[in-house]
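For reference, the structure discussed in these notes is given below.
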Amino acid sequence: MTAIDLKILDPKIGQSIPLPTYATPGSAGLDLRACLDQPLTVEPGQTHLVGTGLAIHIADPNLAATLLPRSGLGHKHGLVLGNLVGLIDSDYQGELKVSVWNRSTTAYTIEPGERIAQMVIVPVVQVQFNLVEDFSESDRGAGGFGHSGTR
Ligand SMILES: O=c1ccn([C@H]2C[C@H](O)[C@@H](COP(=O)(O)OP(=O)(O)OP(=O)(O)O)O2)c(=O)[nH]1
């Protein structure tokens, strides 16, 4: 199990806003909460950048963090991420921010401390490119975007 340090930016974290925790031993994601002083209404079609009050420095270049929507918020209320997926670099030290996008036709009000997204730590492999004349043949070749049909 890899542990990374979490650095707290906002005094609300751990006080009025609890620290993120894994809900169950099998949880992949840590819920991130809206660090707001007052409720924020996101009108249909609008996006807002919402601070979490939390900064992490992953440091290990073999790891990154992804920010993903919470399924309940996304499915029931249309509140997803304006950037679809957030990618947190291992050398980022700023506040984690969540771009919330209301893709529904109904306004949604985020309460201070509400869990608005989830963060998943993922492995990263960096590559170096070697320029070649040809690829060795593969079964798929350049086929993609549905070329194999739907059934
Ligand atoms: O949802 C997000 C996405 C990114 N970040 C932070 C962490 C990440 O390491 C940094 C840069 O993100 P990204 O590389 O996606 O941003 P960019 O638009 O390419 O800008 P930059 O020039 O800052 O890299 O912003 C967030 O806090 N939330």
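Atoms within each ligand, like the ligands themselves, are counted from 1 in listed order.
Residues Arg70 and Arg115 are in side-chain contact: their nearest non-hydrogen atoms beyond the backbone lie under 4.5 Å apart. For the pair Met119 and Ile56, the minimum side-chain heavy-atom distance is below 4.5 Å. At least one side-chain heavy atom of Ser99 sits less than 4.5 Å from a side-chain heavy atom of Leu49. Side-chain atoms of Leu67 and Val85, non-hydrogen and from C-beta on, never get closer than 4.5 Å to each other.
Of all atoms in ligand 1, numbered sequentially from 1 with element shown, those under 4.0 Å from a heavy atom of Glu95 are 27 (O). Close approach of ligand 1 to Leu87 (heavy-atom distance below 4.0 Å) involves ligand atoms 3 (C), 4 (C), 7 (C), 8 (C), 9 (O), 12 (O). Annotation for ligand 1: atoms under 4.0 Å from non-hydrogen atoms of Gly86 are 1 (O), 2 (C), 3 (C). Shown in contact with Leu96 at under 4.0 Å from a heavy atom are these atoms of ligand 1, numbered in order with element: 27 (O).
Atom 6 (C) of ligand 1 has Tyr92 CZ, 3.6 Å as its closest protein atom, hydrogens excluded (heavy atom only). Ranking protein heavy atoms by distance to atom 14 (O) of ligand 1, first place goes to Asp89 OD2, 3.8 Å. When only non-hydrogen protein atoms are considered, atom 5 (N) of ligand 1 lies nearest to Ile88 CD1, 3.6 Å.
Taking any N or O of Asn83, backbone or side chain, at least one lies under 3.5 Å from an N or O belonging to ligand 1.
The backbone N or O of Ala23 sits nowhere less than 3.5 Å from a side-chain atom of Thr21 that would complete a donor-acceptor pair. When atom types are taken as modelled, the side chain of Ser27 and the backbone of Gly29 share no donor-acceptor pair closer than 3.5 angstrom.
Within a 4.0 Å radius of atom 22 (O) of ligand 1, the protein has no heavy atom. Distances from atom 19 (O) of ligand 1 to the protein include no heavy-atom value under 4.0 Å. Of the protein's heavy atoms, none falls inside 4.0 Å of atom 16 (O) of ligand 1. Distance check on atom 27 (O) of ligand 1: some protein heavy atom falls below the 4.0 Å cut-off.
Side-chain contact, Thr41 with Thr109: a donor N or O sits under 3.5 Å from an acceptor N or O.
Open room surrounds CD on Glu137; 12 or fewer heavy atoms of other groups in view lie less than 6.0 Å from it.
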